[in-house]
There are 2 protein chains.
Amino acid sequence: MVEAINHSTTEVVCCEPLLDGTLLAEEAEQLAAMFKALADPIRLRLLNVIAASGEGCACDFPAALGRSQPTISHHLRILVDAGLLEREQRGKWAWFRVREPQLNAVMDALRPPTPVR
Amino acid sequence: MVEAINHSTTEVVCCEPLLDGTLLAEEAEQLAAMFKALADPIRLRLLNVIAASGEGCACDFPAALGRSQPTISHHLRILVDAGLLEREQRGKWAWFRVREPQLNAVMDALRPPTPVR
DNA sequence: ATCTCAGATCGACGTCTGTCGATATGATAC
DNA sequence: GTATCATATCGACAGACGTCGATCTGAGAT
């Protein structure tokens with residue numbers, strides 16, 4: 001279906017504010033795509049484990065999370081495509097780091113529109 | 001499948017912090033369930049429209065969002081079950097409000113573990 | 001009680017998703 | 001070059017999901 005997936009960056013910093021009544025159909029699509037990337041327990045645990053130590057090697061995840069190597073690779077791809085992880089090749093190993101700006105962008109969409117208090 | 005769905009409250013305020021390396025398998029399930037409820041453009045637009053005016057009548061949503069009445073009812077149910085909306089019956093109409101504490105709980109899970117700066 | 005109408009539930013459909021075994025790719029070591 | 005090993009891709013499968021037409025439920029109104 002997807003003819004040429006951008007497997008790396010996804011420089012779109014989606015995420016219009018969710019609660020202020022300005023969310024258009026297309027923006028909702030983009031935001032929903034971000035949430036979809038977060039809507040799986042294995043992917044959340046990948047983010048969690050990687051963020052905890054700053055970075056993580058793909059080689060450790062199948063044993064740590066109890067999923068096969070293809071399954072882990074599949075989930076890592078989804079997180080990278082969503083812009084939530086960045087991938088770096090070191091020798092024959094693949095290392096991943098969390099892209100916190102993208103995570104913050106998702107968080108901002110949930111923030112209520114009450115700028116003053 | 002689900003034999004008796006709690007269609008109202010869901011007092012679980014899920015959402016352990018995502019980035020600090022303490023996410024257990026079961027907590028990841030709960031958090032993923034919250035993100036799953038947010039991972040659909042129609043549901044995001046429902047939240048958006050309802051939050052914008054403080055409340056919203058189910059009767060307006062099919063026309064506003066271009067989906068059938070059963071489909072809207074389906075999505076509203078998912079948001080109520082996730083604890084993100086609360087439902088109130090007024091005469092024959094159903095009105096909905098956003099439960100901001102629950103939304104904030106999801107947001108807190110995304111916050112990076114840097115309490116001091 | 002009967003009528004009307006808003007909303008929920010049911011049943012079906014096509015599509016998407018998570019999973020894994022098998023295989024391909026690509027990088028290092030020899 | 002070949003061998004080895006880490007990761008990606010492929011193919012298949014079962015289950016979940018979004019959608020809608022048809023129907024049921026329940027609250028007013030008469």
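Proteins come first, then strands; the chains are lettered A, B, ... in the order of their sequence lines, and each starts at number 1. Keep in mind that the numbers below use all heavy atoms, side chains included, and drop hydrogens, waters and symmetry copies.
A/Pro41 meets the side chain to side chain contact (heavy atoms under 4.5 Å, CB included) test with B/Ala28, B/Glu29, B/Ala32; sequence neighbours excluded. Considering only residues two or more places apart in sequence or on other chains, B/Ser73 meets the side chain to side chain contact (heavy atoms under 4.5 Å, CB included) condition with B/Gln69. Every side chain to side chain contact (heavy atoms under 4.5 Å, CB included) that B/Cys57 has, sequence neighbours left out, goes to B/Cys59, B/Asp60, B/Trp93, B/Trp95.
Side-chain N/O atoms of A/Thr71 include none lying less than 4.0 angstrom from OP1 or OP2 on C/dG18. For B/Arg43 and D/dG18, the shortest distance from a side-chain N or O to OP1 or OP2 is below 4.0 Å.
Of the residues in residues 54-68 of chain A, A/Cys57, A/Ala58, A/Cys59 come within less than 4.0 Å of DNA chain D through at least one heavy atom, sorted by number.
When distances are taken from the side chain of A/Trp93 to each of D/dA6, C/dG7, C/dG18, the shortest belongs to D/dA6.
Protein atom CD1 of B/Ile72 is 16 Å distant from nucleotide atom C1' of C/dT9, rounded to whole Å.
When the local axes at the two ends of the helix from C/dA1-D/dT30 to C/dC30-D/dG1 are compared, using 5 base pairs at each end, they differ in direction by 30° after rounding to 10°.
Side-chain contact check for A/Leu38 versus A/Leu84: some heavy-atom pair is nearer than 4.5 Å. Using a 4.5 Å cut-off on side-chain heavy atoms (C-beta onward), A/Met34 and A/Gln102 make contact.
Here disulfide bond (SG atoms under 2.5 Å apart) pairs that include residues 62-106 of chain A, with residues two or more places apart or in two chains, number zero. Applying the salt bridge (Lys or Arg N to Asp or Glu O under 4.0 Å) test to every pair with at least one member in residues 46-58 of chain A, sequence neighbours left out, gives these pairs: A/Glu55-A/Arg90, A/Glu55-A/Arg97. A salt bridge (Lys or Arg N to Asp or Glu O under 4.0 Å) check over residues 35-50 of chain A, counting only residues at least two apart or in different chains, returns nothing.
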How would nucleotides 22-30 of chain C be written as a contact map, 5' to 3', with B for base contact, S for sugar-phosphate-only contact and - for no contact, using protein heavy atoms under 4.0 Å? B----SS--
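At a threshold of 4.0 angstrom between heavy atoms, the contacts of A/His74 include nucleobase atoms, whether or not backbone atoms are also involved.
Residues A/Ile78 and A/Ile50 do not share a hydrophobic cluster, clusters being chains of Ile/Leu/Val/Met/Phe/Trp/Tyr side chains in contact below 4.5 Å.
For the atom pair CG (B/Leu76) and CG (B/Leu85), the distance works out to 6.5 Å, reported to the nearest 0.5 Å. Note that the CG atom of A/Asn48 and the CD atom of B/Glu27 stand 8.5 Å from one another [nearest 0.5 Å].
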